[in-house]
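One structure below.
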Amino acid sequence: DSGVTQTPKHLITATGQRVTLRCSPRSGDLSVYWYQQSLDQGLQFLIQYYNGEERAKGNILERFSAQQFPDLHSELNLSSLELGDSALYFCASSAKPGRSYGYTFGSGTRLTVV
Amino acid sequence: DAKTTQPNSMESNEEEPVHLPCNHSTISGTDYIHWYRQLPSQGPEYVIHGLTSNVNNRMASLAIAEDRKSSTLILHRATLRDAAVYYCILDRGYGNKLVFGAGTILRVKS
């Protein structure tokens with residue numbers, strides 16, 4: 001157990017639907033990062049939050065959005081789902097900006113769009 | 001984002017040391033060198049990181065070249081459980097995102 005909790009572990013849904021993925025960071029970590037990993041793309045950075053505020057954005061589609069709540073958990077919302085959105089979605093957390101800290105990853109949510 | 005270059009794959013025998021190289025010729029003075037590994041269908045796992053000096057922890061050692069343009073992850077005695085994709089990444093700190101490349105697939109033979 002890495003200390004980063006992601007739910008659900010598996011999700012199967014139909015095209016056009018909307019889903020929410022949840023991430024609880026490791027205790028004490030203020031930053032949350034979302035990554036997408038599909039078979040042909042490797043790990044792609046989506047978005048980062050630090051203490052409730054958006055900090056950095058990667059190649060995140062407009063159909064996707066995220067937020068970090070006061071208790072520091074984060075949710076990634078994926079809407080108007082397409083077959084190509086099927087992937088593993090990982091959340092990572094780190095302590096805070098500043099000197100470099102190790103990042104802790106969760107075990108991921110496997111999303112299958114049918 | 002500063003880029004790293006790693007071999008696509010490497011093979012090792014069980015119980016032998018493994019040296020995984022990484023080139024990062026465009027590294028800046030404030031970039032930390034991070035290594036992560038990923039087993040199939042699992043999240044990446046932190047291995048080690050450093051700035052200028054060599055680093056050791058219970059998992060591995062990190063040897064950083066004097067000019068910092070390359071580094072080597074050393075697994076002292078490879079086991080079958082070390083078979084994974086190993087990623088070498090540069091991190092600017094200050095909450096900057098980690099950008100993953102393709103990594104090195106390490107195969108360990110018994």
Side-chain angles (χ1 to χ4, degrees), chain A residues 1-6 9-10 21 23 25-26 29-60 68 87-110 112, chain B residues 1-6 8-9 24 27-53 55-62 64 68 71 73 84-105:
Chain A
D1 180 11
S2 68
V4 176
T5 304
Q6 289 189 249
K9 290 196 183 311
H10 301 276
L21 312 184
C23 169
R26 196 179 57 162
D29 285 356
L30 300 178
S31 268
V32 170
Y33 308 77
W34 286 97
Y35 286 82
Q36 179 192 55
Q37 186 172 36
S38 50
L39 277 174
D40 57 348
Q41 290 285 334
L43 276 156
Q44 300 290 317
F45 169 73
L46 295 178
I47 197 164
Q48 179 210 350
Y49 282 84
Y50 170 70
N51 205 21
E53 293 195 5
E54 183 183 303
R55 194 67 181 252
K57 240 178 179 176
N59 297 325
I60 187 167
Q68 186 180 28
L88 272 165
Y89 291 85
F90 290 106
C91 167
S93 72
S94 68
K96 58 185 178 183
R99 62 176 291 272
S100 183
Y101 297 90
Y103 296 68
T104 304
F105 283 79
S107 55
T109 293
R110 181 177 294 278
T112 303
Chain B
D1 299 314
K3 188 176 165 56
T4 62
T5 305
Q6 299 177 252
N8 291 333
S9 64
H24 27 77
I27 192 170
S28 75
T30 55
D31 284 339
Y32 284 78
I33 302 158
H34 280 238
W35 283 83
Y36 291 78
R37 70 181 186 182
Q38 186 177 24
L39 278 66
S41 296
Q42 294 188 26
E45 175 188 26
Y46 168 81
V47 178
I48 201 166
H49 80 286
L51 183 62
T52 55
S53 306
V55 185
N56 300 297
N57 66 21
R58 64 175 179 79
M59 289 181 71
S61 296
L62 175 60
I64 302 173
R68 301 210 325 125
S71 61
L73 178 71
V85 180
Y86 285 79
Y87 298 98
C88 166
I89 305 158
L90 301 182
D91 177 30
R92 297 244 150 102
Y94 294 96
N96 199 39
K97 60 185 184 290
L98 291 182
V99 178
F100 286 80
T104 296
I105 299 170

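Protein chains get the first letters and strands the later ones, always in sequence-line order, with residue 1 at the start of each. Quantities reported herein were computed from a predicted structural model and do not represent experimental measurements.
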Compare all side-chain heavy atoms of B:S41 with those of A:R110 and state whether any distance is below 4.5 angstrom. yes
How long is the span from the OH atom in B:Y36 to the OG1 atom in A:T104, to the nearest 0.5 Å? 7.5 Å
Report which part of A:Q37 has an atom under 4.5 Å of a heavy atom belonging to chain B: side chain, backbone, both, or neither. side chain
Flag side-chain contact, heavy atom, 4.5 Å: A:F90 against B:Q38: yes
Test B:F100 against A:Y35 for ring pair (Phe, Tyr, Trp, His ring centres under 6.0 Å), laying out the working first. CA-CA 10 Å; B:F100 286 80; A:Y35 286 82; 5.5 Å; yes
Examine whether an atom of A:S107 lies under 4.5 Å from a heavy atom of chain B, and if so say whether it belongs to the side chain, the backbone or both; otherwise answer neither. backbone
Could you tell me whether B:N56 atom CG has more than 12 heavy atoms of other residues or ligands within 6.0 Å of it? yes
Is there a side-chain contact between B:H34 and A:Y103, using heavy atoms and a 4.5 Å cut-off? yes
